[in-house]
There are 2 protein chains.
Amino acid sequence: MHSELVASRSAEHRDSRESKNGTPHLDAVSLAIIEQLQEDGRRPYAAIGKAVGLSEAAVRQRVQKLLDQGVMQIVAVTDPLTVGFRRQAMVGINVEGDVEKIAEALTDMAEVEYVVMTAGSFDILAEIVCEDDDHLLDVINKRIRALPGVRSTESFVYLKLKKQTYMWGTR
Amino acid sequence: MHSELVASRSAEHRDSRESKNGTPHLDAVSLAIIEQLQEDGRRPYAAIGKAVGLSEAAVRQRVQKLLDQGVMQIVAVTDPLTVGFRRQAMVGINVEGDVEKIAEALTDMAEVEYVVMTAGSFDILAEIVCEDDDHLLDVINKRIRALPGVRSTESFVYLKLKKQTYMWGTR
DNA sequence: CGCCACGGCTGCGAAATCCGCAAGACTCCG
DNA sequence: CGGAGTCTTGCGGATTTCGCAGCCGTGGCG
């Protein structure tokens, strides 16, 4: 079950070439495959192969590897509001001490859907998905602020989601 | 080509029942189907049917409808940093006048991947995906700040993406 | 009440797709 | 030159997808 995107670091068989930060090297063909799947995650391998100039089996193997490596995941995405989660918020967090450690702790919370370390007036931005106000309040005040090292937080409750895309590459 | 999630408003055939805000009604079975596809966007219809207690064809129809309605999209998602976009940022924006109008304008920019209207010290949060610093600078300073009505902006450049999930429901 | 239209579900075959396997081609390196 | 590793290709067989026809429960309407 590949839930996380970044965490997976199996590193079993040494790959072609890794750039120094540890991310696997992606050639133009893999990029093209990803691009295809960003348009339609269920597009058949044969169609993708035709588009990128590869055989069906080749595409299948590359896709499988991309999934195994955690470079990409194929999933259904929705507007949470449509699916019954009525409160969402972005929370900006300031940390004293080990930022990475706090980020890890946030990662472990089920309600936290998105965690990114940033430069600027916040150390961390975290997106939270909750069922209602009580739930949201609980997560922010009882759980996040309770983490040792969290100096302060600022919340931005979502009013309306206007855009959500996954198609860099199609430009 | 369903790129946007929220924008789609075809409204051709009147649906079963809509709640007052215009979002289609989702029963427990459709929720369960979405949940299945959040785990694996390529899971076969038959397997989903077995899991939610429906025939293969029924699942197929419901999935197709969910896609057509724009309730859900099945796509590949990646960490943009891995795919060659080296600069990302969240931008908080303050607006004077029509917030919705600014949000629409942001929606039309290719580099803007995520737009949400919020309550709090920003009116809008927008996520930007760029190829390099110059590109990012250009988008923020030349394009966003140039929009009439944008009072001020604050940028949070991404240092590291720690978590990215799409599995509310699997709790 | 009877009738009909409609949406959703089921159960099939036919076509397309997925998947595993084995063999060839290519690159890199000692 | 040889070998290891990876990528690619080309198959069958199992699986899945797709389209269609039929069935059923609901709701509108005379």
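To find a chain, count down the sequence lines: A is the first, B the second, and so on, and within it residues start at 1.
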B/S/- contact track for nucleotides 14-20 of chain C, protein heavy atom under 4.0 Å: ---SSBB

Is it true that [Y] and [X] share a donor-acceptor pair across their side chains at a distance under 3.5 Å?
X	Y	result
B:Q61	B:Y45	no
B:E39	B:Y166	no
B:Q36	B:D40	no

Between [Y] and [X], does any NZ, NE, NH1 or NH2 come within less than 4.0 Å of an OD or OE carboxylate oxygen?
X	Y	value
A:E56	A:K50	no
B:D108	A:K163	no
B:R87	B:D133	yes

Degree of bending in the helix from C:dC1-D:dG30 to C:dG30-D:dC1 once both end axes are built from five pairs, to 10°: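 The end axes of the helix from C:dC1-D:dG30 to C:dG30-D:dC1 are about 30° apart, to the nearest 10°.
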
From [atom1] of [X] over to [atom2] of [N], roughly how many Å is that when rounded to an integer?
X	N	atom1	atom2	result
A:I48	D:dT8	CD1	C1'	17 Å
B:D27	C:dG8	CG	P	10 Å
B:Q61	C:dC9	CD	P	7 Å
A:L54	D:dT6	CG	C1'	13 Å
B:D68	C:dG7	CG	C1'	15 Å

Phosphate OP1/OP2 of C:dG8 contacted by B:K65 side-chain N/O (<4.0 Å): yes

Pairwise side-chain contact, B:M72 with B:V63, heavy-atom cut-off 4.5 Å (strictly under):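 B:M72 vs B:V63: side chains touch.
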
Partner residues of A:R42 under the side chain to side chain donor-acceptor pair (under 3.5 Å) criterion, sequence neighbours left out: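 Checked A:R42 against side chain to side chain donor-acceptor pair (under 3.5 Å); zero matches.
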
